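Accompanying notes for the structure given below.
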Amino acid sequence: MKAIPTNLPEVMIIEPKVFGDERGFFFESFNAKKFAELTGVDVEFVQDNHSLSAKNILRGLHYQIKQAQGKLVRVVTGEVFDVAVDIRKSSPRFGQWTGVVLSAENQRQLWIPPGFAHGFVVLSDKAEFLYKTTDYWAPEYERSLQWNDPAIGIEWPIQGEPVMSAKDQQGKLLADAEVFE
């Protein structure tokens, strides 16, 4: 397993060591000791989530202003473009984003620590997305950023408008959003 920093150093790509042959493959998707050694982050995950989405569905950009969640995300079917946005006002990278293609084929994972908004868009016909969180879902604290906020400038690899939930369509501009200090 190895950790690869992104342009937002706290957000890391996690590449597992995959053992494969004609029968298929095996890899350890999470090991707390190795994760802490590689990332310098000691985490305790409390919730696992699994979503299925069709092509051009965009979920996000979500975060919880209280009970902030760290997330370790991966794709087990299909391919997504996964995005994290630094929304810590005290950070020198406030408002900056990073994006990574996660797929069943590349078997990469992305660590998104608390203090970042997170979202993804599906690039394949469908995608199954798994993620572990460091705190429980708390809908009363959930917030959403506008997916196409020009102040953030995410370069989503899609044509036209994505398909979104009514809640995600109501995302706020970063300038108007409740963010972390």
Side-chain angles (χ1 to χ4, degrees), residues 1-64 67-86 97-138 142 147 154-160 162-165 168:
M1 182 183 293
K2 65 181 177 178
I4 304 164
T6 65
N7 60 301
L8 302 176
E10 301 90 344
V11 177
M12 291 179 239
I13 299 165
I14 307 298
E15 283 189 347
K17 185 169 177 80
V18 179
F19 302 93
D21 59 25
E22 66 281 350
R23 299 169 298 151
F25 68 85
F26 169 85
F27 69 90
E28 189 174 68
S29 61
F30 181 73
N31 177 307
K33 183 178 176 183
K34 287 180 188 174
F35 186 84
E37 288 170 2
L38 290 171
T39 65
V41 179
D42 187 20
V43 297
E44 179 183 342
F45 292 113
V46 298
Q47 186 173 321
D48 281 356
N49 300 310
H50 186 153
S51 72
L52 170 68
S53 303
K55 187 177 181 100
N56 276 351
I57 296 213
L58 191 147
R59 296 185 184 267
L61 298 158
H62 301 145
Y63 61 100
Q64 289 182 182
Q67 289 180 228
Q69 295 175 309
K71 296 177 182 178
L72 182 62
V73 304
R74 66 189 180 113
V75 171
V76 295
T77 302
E79 180 177 71
V80 307
F81 183 69
D82 199 73
V83 172
V85 179
D86 190 338
W97 66 277
T98 194
V100 176
V101 172
L102 302 177
S103 70
E105 187 175 316
N106 71 23
Q107 297 168 329
R108 286 178 151 190
Q109 300 176 59
L110 192 64
W111 163 245
I112 303 119
F116 291 76
H118 170 256
F120 66 90
V121 67
V122 178
L123 303 176
S124 53
D125 288 338
K126 69 176 181 177
E128 290 191 59
F129 190 87
L130 304 179
Y131 58 106
K132 298 177 162 308
T133 64
T134 60
D135 210 334
Y136 298 101
W137 180 57
E142 190 172 45
W147 72 280
I154 298 169
E155 297 170 12
W156 297 98
I158 56 173
Q159 299 291 321
V163 179
M164 301 173 66
S165 71
D168 287 350

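Everything numeric in this text was worked out from a predicted model, so none of it was measured.
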If we only count heavy atoms from C-beta on, is the [X] to [Y] side-chain gap below 4.5 Å?
X: Arg74; Y: Leu102; answer: no
X: Trp111; Y: Val11; answer: no
X: Leu123; Y: Pro157; answer: yes
X: Phe19; Y: Phe25; answer: no
X: Thr98; Y: Val83; answer: no
X: Met12; Y: Leu110; answer: no
X: Ile154; Y: Leu61; answer: yes
X: Phe116; Y: Glu10; answer: yes

| task | Specify the closest pair of heavy atoms between Pro5 and Ala3, including all atoms of both residues, with the distance to one decimal. | result | CD-O, 3.9 Å

| request: Might you point out which heavy atoms bring Thr134 and Gly70 nearest each other, and give the distance in Å? | output: OG1-N, 2.7 Å

Working to the nearest 0.5 Å, report the span between [atom1] of [X] and [atom2] of [Y].
X: Ile14; Y: Arg108; atom1: CD1; atom2: CZ; value: 10.5 Å
X: Asp82; Y: Gln109; atom1: CG; atom2: CD; value: 11.5 Å
X: Thr133; Y: Gln47; atom1: OG1; atom2: CD; value: 4.0 Å
X: Ile158; Y: Ile57; atom1: CD1; atom2: CD1; value: 11.5 Å
X: Ile112; Y: Leu8; atom1: CD1; atom2: CG; value: 10.5 Å
X: Leu58; Y: Phe81; atom1: CG; atom2: CZ; value: 10.5 Å

| request: Hey, can you tell me if Phe120 and His118 have their rings parallel, tilted or perpendicular (30° and 60° cut-offs)? | output: tilted

Exceeds 12 heavy-atom contacts within 6.0 angstrom, atom [atom1] of [X]:
X: Asp48; atom1: CG; answer: yes
X: Asp21; atom1: CG; answer: yes
X: Phe27; atom1: CZ; answer: yes
X: Glu105; atom1: CD; answer: no

Do side-chain atoms of [X] reach the backbone of [Y] as a donor and acceptor pair under 3.5 angstrom?
X: Gln64; Y: Tyr136; result: yes
X: Ser124; Y: Gly78; result: no
X: Gln67; Y: Ala138; result: no
X: Glu79; Y: Ala127; result: no
X: Trp147; Y: Gly119; result: no
X: Asn7; Y: Trp97; result: yes

| Among all residues two or more places apart in sequence or in another chain, which pass the salt bridge (charged side-chain N to carboxylate O under 4.0 Å, His left out) test with Glu28? | Lys34

| task | Any pair with a residue in residues 52-62 that passes side-chain hydrogen bond (donor to acceptor under 3.5 Å, both in side chains), sequence neighbours left out, goes on the list, sorted by first then second residue, please. | result |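 Residue pairs passing side-chain hydrogen bond (donor to acceptor under 3.5 Å, both in side chains), neighbours aside: Ser53-Arg59, His62-Asp168.
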
| task | Apply side chain to side chain contact (heavy atoms under 4.5 Å, CB included) to the pair Thr77 and Lys126, showing each step before the final yes or no. | result | CA-CA 7 Å; Thr77 302; Lys126 69 176 181 177; 4.2 Å; yes

| request: Identify, with sequence neighbours excluded, every residue that meets ring-ring contact (aromatic ring centres under 6.0 Å, His included) alongside Tyr131. | output: Phe129

| Going through the distances and angles, do Val121 and Val80 end up as a side chain to side chain contact (heavy atoms under 4.5 Å, CB included)? | CA-CA 6 Å; Val121 67; Val80 307; over 6 Å; no

| field | Glu15/Met1 under side chain to side chain contact (heavy atoms under 4.5 Å, CB included): CA gap, chis, key distance, verdict | value | CA-CA 5 Å; Glu15 283 189 347; Met1 182 183 293; over 6 Å; no

| said: Run Glu128 and Ser51 through side chain to side chain contact (heavy atoms under 4.5 Å, CB included) and show every step you take. | reply: CA-CA 6 Å; Glu128 290 191 59; Ser51 72; over 6 Å; no

